[in-house]
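Numbering starts at 1 and runs along the sequence shown. Indexing begins at 1, ligand by ligand and atom by atom, following the structure's order. Here the structure is a predicted model, which means the values were calculated and not measured.
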Amino acid sequence: VERNGPGNRSERCAGWARACPGLEAEYQAADAVIMTFVRCAALLYAYYQISNLHKIASKYLLIIAGVFSTFASFIFTSAVASLFFNELASIKDAPFLFLLVADVARGARMAKAGWSAGEDQGKRVGRALSLLGPTATLDTLLAVLLVGVGALSGVPRLEHMCTFACLALLVDYLVFVTFYPACLSLVADFASGRKEMSPDSPFSEADLKPNPVVQRVKMIMAAGLLCVHLTSRWPWSVDNGIIEGPTDTLTPATQDNVLLHSYVKWFSVSADYIVIATLLCALIIKFVFFEEHRNWVIDMNDMLVKEMVQDQEKRKPKFSVGDDSVSEISTQTECGLEETEWPTLSPSSSAAKLNAKKRPMAECLEIYRSEGACTSLSDEEVIMLVEQSHIPLHRLESVLGDPLRGVKLRRKVIGGRFQTELAIKQLPYLNYDYSKVLNACCENVIGYVGVPVGYAGPLVVDGKAYMIPMATTEGALVASTNRGAKAIGTRGVTSVVEDVGMTRAPAVKLPNVVRAHECRQWVDNKENYALIKEAFDSTSRFARLQEIHIGVDGATLYLRFRATTGDAMGMNMVSKGAENALKLLKSYFPDMEVISLSGNYCSDKKAAAINWIKGRGKRVVCETTISHENLKTIFKTDSRTLARCNKIKNLSGSALAGSIGGNNAHAANMVTAIFIATGQDPAQNVTSSNCSTNMEICGENGEDLYVTCTMPSLEVGTVGGGTILTGQGACLEILGVKGAGIIPAENSARLASLICATVLAGELSLMAALVNSDLVKSHMRHNRSTVNVQSDMNITLKVPTL
Ligand SMILES: CC(C)(COP(=O)([O-])OP(=O)([O-])OC[C@H]1O[C@@H](n2cnc3c(N)ncnc32)[C@H](O)[C@@H]1OP(=O)([O-])[O-])[C@@H](O)C(=O)NCCC(=O)NCCSC(=O)C[C@@](C)(O)CC(=O)[O-]
Ligand SMILES: NC(=O)C1=CN([C@@H]2O[C@H](COP(=O)(O)OP(=O)(O)OC[C@H]3O[C@@H](n4cnc5c(N)ncnc54)[C@H](OP(=O)(O)O)[C@@H]3O)[C@@H](O)[C@H]2O)C=CC1
């Protein structure tokens, strides 16, 4: 390659790591233009990578992969480059180059493998490396050959930069296959167990498998480029026509010429930097203010939503009925979305809409299989794959890497399959954090049901006033509880709580009653119990076995494991512990058969006397005294009437009905409303509503009322289960019991005492309504809507003629 410089100077400037003499002096306009172009391209490429990264992985991965792989590789490259380049400072474009060659997405994919939930992160990183390694090798080879072409360009600075870029690529590759996975395994190990850092979608090896078609194209390109390099760098072709000129032949200029030359040089350099600076500012502004991200963005769709809200008053929708997304959004706003909170629609869904042409099935399948995900497929294409059973409908969230888009597409598929589009559109789905639901609270999600939350209070419990959130659709319930809280007043409720512990009772069968008896005796032995306890406790940081109570039925044993579970309700925890304990027991009794991990002697979610008698979860007792004055003014009754009714209704009536744990008026009402509001398992209202309400006259003249509520089996938690959801978490926060307490079970015990105190308030108020014959009247006022209920006038009762 030959190049003529100023002053008729010829200079050979091609080849690996060969310095270009007089580089600074020969700052040409072409050089500046090319360099500006390269820098702009680098910035745009980096911007593209950053704005696309979140599709691959969560923000943690973005931070790990982005910061670590770019920064570490840059440091290593600079260190290696200093061995080849005398003046490292001359490579001032190195950062730009690095932006161009670094493949952050590759790093993010591997990070995802190490970060996904589950065990053996280290192994998965190794597996990811074995899958990504060959592609990374081919990519690096191809990139080196491609960038190496720049080193033949004849533009000095570009040649210099390309040489550096090749070096950077090789170092980056070495870092990626050695240092990076090692660090990743360490970080993943360190972070394992921190649930909040788990990624939003599980690791799938398919994510890492390369597209074979692309691989083949890359290999052909690499072969072609190799030929170019061989012909350009082969000794006989390089020698041909090369003039090894003097290194510095600048003609001495006049004073004016020198000045003019420096102005021109200054201007070209400044212009170069002005272009870069302007581009950088524009990109930053675009990214911060106009770009679409997962959690905070206003995109075009949101603008449509805003317009819809504005149009709502006029009741004239601007959009055609066929526009599915808009009509759904319209439903949402009518369902009561706050106008300031805009739903986040997935970037891919809006992008997908622009991609009007649906690609053929085979092509979509190839993309899905090669990427292991559907991020680059349009909504229609994804639905096509679902309908052809290539994607299970319940895996939508994970293959899309976008929970909201998963829910949205499932609604479409279900709506189409069962002709329920119109009904499904009435079900809200926007403005909800589905990432918390995934793998924790619900499957096959198509939306959510809003339940109104009211508050009762202030209710004073153990000297502190609380506002009690209650989620219910039973009108009059909150009003009633509120009245009870008012009557209790500042005297408040006093509570005592005992952490009984959660139970799980597997049913195990032995060959005969003798063996069953031996087994029972073995478990009852203190030393053996210690072994079982060790096995049980090893499964959790918080679950601690307290007792194994054994029920016998012939040769079948029911081992009722009872364990405290910190601030969690604890069903998953005790089940896990019991399973491990059974493994140990089986090693001593190989002839023991585990019939079922739950033998109904626990007893969970079914009415059973055992929980009433032995307790389950938290046992709470509350008491208060209502003054004669409050009974008269607030309840419009007196202590004798209430105490008498309580005896006849809650004690004798329930006994006559054969009720167990039902010596109360409506404890289940308050229990369930608070359960739903605070993310408890609603099905556990069965056992949790066990309550004995007692009322006695008291005071000097027997005009005050002493009331107690005893609830032996409140199954509640402030961590785990539905408590992690945003709204439910907010209600726990209102009560000041969100998450784990400072001492284990502190928060869950407080929640239990608040529920029992609320039950007491509700019991009082309903009893008062009953003795005053106010029940029907109040429910007609608070509990009967005129919407959707046919007017009485229009109903004609047709009496059949005989
Ligand atoms: C979880 C399964 C279903 C897995 O079951 P599996 O057999 O491992 O699942 P699979 O991957 O082989 O898939 C089989 C099918 O299950 C469904 N399926 C599979 N995964 C999903 C998903 N993510 N979303 C939606 N559907 C799913 C789906 O239909 C799928 O077919 P496909 O559609 O793939 O052709 C199974 O292990 C199971 O049923 N477990 C029991 C869980 C349960 O019932 N829990 C209730 C709570 S327990 C309780 O509260 C009360 C208690 C226990 O205390 C009462 C007592 O004392 O007894
Ligand atoms: N499996 C079953 O048979 C049944 C399950 N359920 C469902 O189980 C879920 C509730 O199970 P549950 O075990 O309560 O909750 P989780 O399964 O969510 O377990 C609680 C998790 O929180 C961790 N944790 C962190 N801090 C604390 C703390 N301070 N106190 C206690 N645990 C803490 C525990 O750690 P660690 O891992 O160390 O234990 C555990 O991983 C509900 O969704 C319910 O619907 C309901 C009935 C039956």
Side-chain angles (χ1 to χ4, degrees), residues 117 119 192-196 198 201-202 386 389-399 403 406-407 410 413-414 417 436-446 499 501-507 536-545 558 560-561 563-580 595-608 610-611 616-618 675-676 678-688 715-725 728-729 732 737-751:
E119 280 145 32
S192 66
R194 295 182 62 182
K195 208 174 176 181
E196 77 274 15
S198 298
S201 58
V386 170
S389 305
H390 294 297
I391 301 175
L393 193 51
H394 60 76
R395 282 205 66 224
L396 270 180
E397 284 86 346
S398 62
V399 297
V407 173
R410 186 174 298 113
V413 174
I414 293 296
R417 273 189 200 169
K436 289 182 177 161
V437 175
L438 210 60
N439 301 326
C441 293
C442 191
E443 301 80 36
N444 270 348
V445 180
I446 52 170
D499 191 0
M502 191 42 69
T503 57
R504 171 57 85 212
F536 186 102
D537 291 356
S538 69
T539 59
S540 164
R541 292 160 296 165
F542 300 91
R544 294 293 170 260
L545 187 63
Y558 297 84
R560 192 173 187 260
F561 291 85
T564 51
T565 54
D567 278 304
M569 177 274 282
M571 264 327 286
N572 280 338
M573 291 159 81
V574 288
S575 300
K576 199 174 161 196
E579 194 171 63
N580 209 38
I595 302 291
S596 165
L597 184 63
S598 166
N600 278 9
Y601 193 56
C602 324
S603 175
D604 191 38
K605 300 178 179 175
K606 290 158 290 267
I610 193 162
N611 297 331
R616 193 171 198 246
K618 308 281 186 286
F675 265 36
I676 294 172
T678 58
Q680 309 303 311
D681 188 331
Q684 289 186 324
N685 77 342
V686 178
T687 298
S688 294
E715 300 143 321
V716 291
T718 55
V719 297
T723 65
I724 58 165
L725 299 174
Q728 288 82 340
L732 288 169
V737 294
K738 188 177 175 190
I742 296 166
I743 45 172
E746 187 186 21
N747 277 354
S748 53
R750 175 96 317 230
L751 178 62

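Each of the following atoms of ligand 1 lies closer than 4.0 Å to a heavy atom of Glu443: 23 (N), 24 (N). If you number the atoms of ligand 1 from 1 as listed, the ones under 4.0 Å from a heavy atom of Asn444 come out as 25 (C). Near Ser598, meaning under 4.0 Å from any of its heavy atoms, are these atoms of ligand 1: 56 (C), 57 (O), 58 (O). Atoms of ligand 1 found under 4.0 Å from any heavy atom of Asp604, numbered from 1 in the order shown, are 51 (C), 52 (C), 54 (O), 57 (O).
With a 4.0 Å heavy-atom cut-off, ligand 2 is reached by the side chain of Asp604 but not by its N, CA, C or O. Contacts with ligand 2 closer than 4.0 Å are made by heavy atoms of both the backbone and the side chain of Asn572.
For atom 43 (C) of ligand 1, no protein non-hydrogen atom is found at a distance below 4.0 Å. For atom 38 (C) of ligand 1, the nearest protein heavy atom lies 4.0 Å away or farther. Using a 4.0 Å threshold on non-hydrogen atoms, atom 8 (O) of ligand 1 does not count as touching the protein.
The N/O atoms of Gln684, backbone and side chain alike, include none that comes under 3.5 Å of an N/O atom in ligand 2.
Distances shorter than 4.0 angstrom do not occur between any heavy atom of Arg395 and any atom of ligand 1. Ligand 2 has Arg504 within reach: a non-hydrogen atom of the residue lies less than 4.0 Å from it. Proximity of Gly570 to ligand 2 is established by a heavy-atom distance of less than 4.0 Å. For Lys605, the closest heavy-atom approach to ligand 2 falls below 4.0 Å. For the pair Ser575 and ligand 2, a heavy-atom separation below 4.0 Å is found.
Between Phe561 and Phe536, the two ring planes are parallel [angle under 30°; tilted spans 30° to 60°].
With hydrogens left out, the protein atom closest to atom 24 (N) of ligand 1 is His394 CB, 3.2 Å, a heavy atom.
Between the NZ atom in Lys576 and the CZ atom in Arg504 there is a gap of 14.5 Å [rounded to 0.5 Å].
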